Amino acid sequence: MTLYAWSIVTGRASKKGPVRDDSIGSFVRTRRRTNRLTQRQLAELAGVGVRFVRELEAGKPTARIDVTNAVLRVFGRRLGLVDLPGDGER
């Protein structure tokens, strides 16, 4: 099976390696600001700590998937594996 990184910003899968951490952070920051939320408000909506939101937006290089998904769920998104069309399992 080939694993691909999914860019939450571009909406495309990439074989070039993991999505840059700042892609997720940039998405979260932009969506939070668009929705006029403070980091504290987003943290409360997601059920996570303010520190996690702050670090995620700053491009935290390691983050638990479940906690990241809790934040992304506020914006109707989640992390996951994506199969590219025409690419069979290996």
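Any value given below was found using the heavy atoms of this structure, including those in side chains, with hydrogens, waters and symmetry copies removed. What you see is a predicted model; the values in this text were computed from it and never measured.
With sequence neighbours left out, the side-chain contact (heavy atoms from CB on, under 4.5 Å) criterion links R33 to R29. Residues forming a side chain to side chain donor-acceptor pair (under 3.5 Å) with R32 (at least two apart in sequence, or on another chain): E57. In terms of the side-chain contact (heavy atoms from CB on, under 4.5 Å) criterion, residue partners of Q41 (sequence neighbours excluded) are, by chain and number, L37, T38. With sequence neighbours excluded, the residues that form a side chain to side chain donor-acceptor pair (under 3.5 Å) with R64 are D66.
A donor-acceptor contact shorter than 3.5 Å is absent between the side chain of N69 and the backbone of R78.
Note that CD of Q39 and CG of L42 are 8.0 Å apart. Values are rounded to the nearest 0.5 Å. A distance of 7.0 Å separates CG of L56 from CG of L72, quoted to the nearest 0.5 Å.
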Query raised in the report: Could you walk me through whether L79 and I24 pass the side-chain contact (heavy atoms from CB on, under 4.5 Å) check?
Result: CA-CA 10 Å; L79 297 176; I24 295 170; 3.8 Å; yes
Residues 48-55, side-chain donor-acceptor partners within the protein, below 3.5 Å, at least two apart:
unit_1, atom_1, unit_2, atom_2, d
R51, NE, E55, OE2, 2.9
E55, OE1, K60, NZ, 3.4

